[in-house]
Amino acid sequence: MAGTVYLVMAMRRPDFNEAAVQPHRDFLDALREQGRLRLTGGFADGSGGAYVLCNVDSLAQAQAIVATDPLVTMQASHLTVHEWNTR
């Protein structure tokens with residue numbers, strides 16, 4: 001499954017709001033149903049997590065999707081999107 005995907009790194013802010021967790025999980029479930037989520041998980045140290053978007057046309061589209069993540073809209077975490085060429 002080589003190709004371009006988008007790695008989203010989510011690092012919790014010091015004032016992380018636990019209320020964002022379930023809406024974020026629902027957001028990821030919706031992405032999975034759309035065929036846009038390849039992989040997701042939290043870091044063992046509790047500092048955040050990451051997910052991999054697939055079937056997305058561009059970095060700009062990936063960034064637009066991530067901008068609607070409840071972790072962003074509820075200002076719970078800092079999210080960055082990286083275009084990732086896998087092999």
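Only this structure's heavy atoms are used, side chains among them; waters, hydrogens and symmetry mates stay out. Keep in mind that this is a model prediction, so the values were computed, not measured.
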Participant: Identify which one of L37, V66, T40, I65 satisfies the side-chain contact (heavy atoms from CB on, under 4.5 Å) criterion when paired with V8.
Facilitator: V66
Participant: Measure across Y6 and V81 and return the closest heavy-atom pair with its distance rounded to 0.1 Å.
Facilitator: CB-CG1, 4.1 Å
Participant: Between P23 and A20, which heavy-atom pair has the shortest distance, and what is it?
Facilitator: CD-O, 3.4 Å
Participant: For A67 versus V72, what's the shortest heavy-atom pair and its separation?
Facilitator: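 So the two residues come closest at O-CG1, 3.8 Å.
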Participant: Hydrophobic cluster membership, with links at side-chain heavy-atom distances under 4.5 Å among I/L/V/M/F/W/Y: are L39 and L31 in one?
Facilitator: no
Participant: Establish whether L71 and V21 are linked, either directly or via other cluster members, by ILVMFWY side-chain heavy-atom contacts under 4.5 Å.
Facilitator: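 Same hydrophobic cluster.
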Participant: To the nearest 0.5 Å, what is the distance between CD (Q75) and CG (N17)?
Facilitator: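 Result: 10.0 Å between the selected atoms.
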Participant: Decide whether M74 and F27 are clustered together by the hydrophobic rule: side chain heavy atoms of Ile, Leu, Val, Met, Phe, Trp, Tyr closer than 4.5 Å, transitively.
Facilitator: no
Participant: Excluding sequence neighbours, so at least two apart, what forms salt bridge (charged side-chain N to carboxylate O under 4.0 Å, His left out) with R25?
Facilitator: none
Participant: Sequence neighbours excluded, which residues qualify as side chain to side chain donor-acceptor pair (under 3.5 Å) partners of H82?
Facilitator: T80
Participant: Can you find a heavy atom in the side chain of F43 that is under 4.5 Å from one in the side chain of R12?
Facilitator: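 No, side chains not in contact.
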Participant: Please tabulate, for the side chains in residues 44-56, all donor-acceptor contacts under 3.5 angstrom to protein atoms that are two or more places apart in sequence or on a different chain.
Facilitator:
| unit_1 | atom_1 | unit_2 | atom_2 | d |
| --- | --- | --- | --- | --- |
| D45 | OD1 | S47 | N | 2.9 |
| D45 | OD1 | S47 | OG | 2.6 |
| D45 | OD2 | S47 | OG | 3.4 |
| Y51 | OH | D69 | OD2 | 2.8 |
| N55 | ND2 | G35 | O | 2.6 |

